[in-house]
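Everything on this sheet refers to the single structure shown next.
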Amino acid sequence: MNEVRILEIKKSVYEDNDREADKLRERLHREKVFLLNLMSSPGSGKTSVILRTIEHLGSQLKMGVMEADIDSAVDAETVALTGTKAIQLHTGGMCHLDAGMTESGIDALETTDLDFVILENVGNLVCPAEFDTGASKNVMILSIPEGDDKPLKYPLMFSKVDAIIVNKIDVLPYFNFDIDALRKRVTKLNPDVSIFEVSAKTGEGFEKWADWLKKEIHLWKN
Amino acid sequence: MHELAVMENILEIAVDFAKKNGAKEIKQINLSIGVFSGIIPKYASQFFKMIAKDTIAKNVKLEFESLPARFICYECSSETEYENISVEPLTCSSCGSEKLRLISGREFRIQSLEIV
């Protein structure tokens, strides 16, 4: 009987993806293309938030959108109607995008003449949080009907994002959603995060979000 | 949900490392996993068995060590550990303050392999 040997590895399971993501981030920095990774649950209003963002920034910046979905082209078609360059990425059943898939999307979209690309990640709050896509900034949307307790249930996502868009504030009177409680919960996990309260339906709150984004894009490109 | 993709990473890292070290078989993989990680050990082990069946890791045992979430207190700088963060309010175990900052709990690492 051979003796059992122990080999120390001490390596992150995500190390290879993290390395690829860093490489993509460096490339995008060189090419002066800002990539925003937008994550949320299904139905929180990702596509509507993107459409409002196009409304605010589309005339000032050259934008592109990559819509990741398990299998459909509905979102990319909706975005393309605004005249914005858009492609659909099919993840082939996968619940998240990794850096390799994101880079293929960047190549397919042909981003060299763009200032800014939004990646609409697959709708879920678990898996996309684990995989660095190579984005310049990571942002999530939480909508009012989902509840203010979500940071307790999906702490990884809330701890990793640079900004949180609280969408559908127009329906706040109909739900027991406590925005102060949300802020308190999030701050413990992520003290530097920016929080924007918006309604993609009415357009409320989008100036502040657009200003933040414009500033981040400017910092990235200069 | 994403256990399969993660297990593929682990299998690749483990087999590569074991072969470089002249292993005939991998007996056990020791993993440490932060409480914030979305991985469920039971499903992870099932996926691993499925993808490892034609490799030197086919009879492997995955051992998961759970790492707590660690917070540091803004008021008194001491550290508090929580196995579960859905208990509210989260407070500093030394001074009771609620002003805490997360310092760890998100990691997922392969610590070591047991090989023959």
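So that the names make sense, note that chain A is the first sequence line, chain B the second, and so on, each numbered from 1.
Crowding of A/His29 atom NE2: a count of heavy atoms from other residues, nucleotides or ligands under 6.0 Å exceeding 12. The local environment of NZ in A/Lys85 is crowded, with over 12 non-hydrogen atoms from other residues, nucleotides or ligands closer than 6.0 Å. For B/Glu79, the CD atom counts as densely surrounded, since its 6.0 Å shell holds more than 12 non-hydrogen atoms of other residues, nucleotides or ligands. The number of heavy-atom neighbours closer than 6.0 Å to CZ of A/Phe175, taken from other residues, nucleotides and ligands shown, is above 12. B/Asn84 CG: more than 12 foreign heavy atoms inside a 6.0 Å radius.
Residue contact with chain A, scored on non-hydrogen atoms closer than 4.5 Å, is absent for B/Ser32. Looking at B/Leu90, the atoms closer than 4.5 Å to chain A (heavy atoms on both sides) sit in the backbone and in the side chain alike. Contact annotation for B/Phe71: only side-chain heavy atoms (C-beta onward) come within less than 4.5 Å of a heavy atom of chain A. For B/Glu98, the parts lying under 4.5 angstrom from a heavy atom of chain A are both the backbone and the side chain. For B/Glu107, no part lies near chain A; criterion is any non-hydrogen pair under 4.5 Å.
A distance of 12.5 Å separates CD1 in B/Ile110 from CD in A/Glu8, rounded to the nearest 0.5 Å. Separation of atoms CD1 (A/Ile9) and CG (B/Leu113) is listed at 3.5 Å; rounding is to 0.5 Å. Within the model, atoms CD1 of B/Ile13 and OG of A/Ser12 stand 7.5 Å from one another, a figure rounded to the nearest 0.5 Å. Considering CZ of B/Arg106 and CG of A/Leu189, their distance stands at 9.0 Å, rounded to 0.5 Å.
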Check against side-chain contact (heavy atoms from CB on, under 4.5 Å), B/Lys99 and A/Lys188 = CA-CA 7 Å; B/Lys99 290 188 180 148; A/Lys188 274 182 194 156; over 6 Å; no

Working for side-chain contact (heavy atoms from CB on, under 4.5 Å), residues B/Ile115 and A/Glu3 = CA-CA 8 Å; B/Ile115 58 165; A/Glu3 213 170 297; over 6 Å; no

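Contact count against chain A (heavy-atom pairs under 4.5 Å) is highest for B/Leu102 among B/Leu102, B/Ile39, B/Ile103. In terms of heavy-atom pairs under 4.5 angstrom with chain B, the leader among A/Asp16, A/Asn190, A/Ile6 is A/Ile6. Options A/Arg5, A/Glu130, A/Glu15 differ in how many heavy-atom pairs under 4.5 Å they form with chain B, and the most are formed by A/Arg5.
Proximity to chain B among residues 146-159 of chain A is limited to A/Pro151, A/Leu152, A/Pro155, A/Leu156, A/Ser159, judged by heavy-atom separations below 4.5 angstrom.
Using a 4.5 Å cut-off on side-chain heavy atoms (C-beta onward), A/Lys11 and B/Gln111 make no contact.
Residues meeting the side-chain contact (heavy atoms from CB on, under 4.5 Å) test with B/Ser66, sequence neighbours left out: B/Val35, B/Glu83.
A donor-acceptor pair is defined here as one N or O able to donate and one able to accept, closer than 3.5 Å; such a pair exists between the side chain of B/Arg109 and the backbone of A/Lys10.
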